[in-house]
Amino acid sequence: MRTGVRGWRWRRNPLRRRADVVEAWTLLVVAVLLFLVTPLVGVAAGLHAHDEARSLAAAQRAERHQVRAKVIADRPEQLTAMEGDREHPYRAEVRWAEPGRGTRTAWARVPAGTRTGDTVAVWFDARGHSVAPPPDDAAVLQHAVTVGLCAAGGAAAVVFLVHAVERRIALRHRLAEWEREWARTGPRWTQPLT
């Protein structure tokens, strides 16, 4: 059976050591860091990532344009993992008409299952290279939440790591303190009775 007295480290008593007070303050600081600071770090990182991703998506939307094109190649080629993305893992030759520029032909990223003669939406940059579509609002939000959670988790890991190091140092000091105490009181306990 275990009995505990709440707040014994905070109360004045002759058995309370300096290490007990340091441990109590350390636990308080760790609790504040974990429950207040860590979520704030996650929110701040998530908001910053959201602003950055939103401005990047706006810049990509400004420099990229979408066209409706007809697939003219016999069979789309599968892109490597480095070139493709999940939504557009294939590349095919497509043809479309631009007002004032006539009919154009290029190789573009197309969705899986695209066949010759299908009309697909393809994205090009200002230089005419086929590119992935700019991220939508859901992708921006997903990125911001992921960054926020990773930042909060990283901050919590740092707090736990620092707390573990502090506990190890405190244990070493506590053992040294006990050794000093025993060196003073031990001889009185181990003397033979006369």
What residues form a side-chain hydrogen bond (donor to acceptor under 3.5 Å, both in side chains) with [X], not counting sequence neighbours?
| X | value |
| --- | --- |
| R167 | E23 |
| R184 | E181 |
| E179 | none |

V159 vs V30, side-chain contact (heavy atoms from CB on, under 4.5 Å): CA-CA, chis, key distance, verdict:
CA-CA 7 Å; V159 168; V30 166; 4.0 Å; yes
Around H65, counting heavy atoms of other residues, nucleotides and ligands shown, do more than 12 lie under 6.0 Å from its NE2?
yes
Does CD in Q142 sit with more than 12 non-hydrogen atoms of other residues, nucleotides or ligands closer than 6.0 Å?
no
Any idea which heavy atoms bring G42 and A151 closest together, and the distance?
CA-CB, 4.4 Å
Could you pull out the closest heavy-atom pair between P134 and Q60, with the gap in Å?
CA-OE1, 3.6 Å
Can you tell me how far apart [atom1] ([X]) and [atom2] ([Y]) are? Round to the nearest 0.5 Å.
| X | Y | atom1 | atom2 | value |
| --- | --- | --- | --- | --- |
| W96 | E98 | CH2 | CD | 6.0 Å |
| R174 | I169 | CZ | CD1 | 12.5 Å |
| L175 | R172 | CG | CZ | 9.5 Å |

Please assess R115 against V71 for the test side-chain contact (heavy atoms from CB on, under 4.5 Å), listing each intermediate value before the final yes or no.
CA-CA 7 Å; R115 295 193 174 105; V71 178; over 6 Å; no
Does R91 make a cation-pi contact with W107, if we ask for NZ or CZ under 6.0 Å from the ring centre and within 45° of the axis?
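Because its charged atom sits under 6.0 Å from the ring centre and within 45° of the axis, R91 does stack over W107.
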Would you mind listing the cluster partners of [X]? Hydrophobic ones only (ILVMFWY), side-chain contacts under 4.5 Å, chaining allowed.
| X | result |
| --- | --- |
| V147 | none |
| L36 | V32 |
| L149 | L141, V145 |

Does the side chain of R109 reach to within under 4.5 Å of the side chain of V122, using non-hydrogen atoms?
no
With no hydrogens and no angle check, is any side-chain donor or acceptor of R64 less than 3.5 Å from a backbone partner on A132?
yes
Is there a side-chain contact (heavy atoms from CB on, under 4.5 Å) between T103 and R95? Walk through the geometry before answering.
CA-CA 7 Å; T103 303; R95 180 178 295 145; 3.3 Å; yes
Set out, in order, the CA-CA distance, both residues' side-chain angles and the distance that settles side-chain contact (heavy atoms from CB on, under 4.5 Å) for W25 and V22, then state yes or no.
CA-CA 5 Å; W25 279 106; V22 169; 6.0 Å; no
Answer with yes or no whether the hydrophobic clustering places L33 together with F160; edges join I, L, V, M, F, W, Y residues whose side-chain heavy atoms lie under 4.5 Å apart.
yes
Hey, what's the ring geometry for W182 with W189, parallel, tilted or perpendicular (30° and 60° as the breaks)?
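Rings of W182 and W189: tilted, 30 to 60°.
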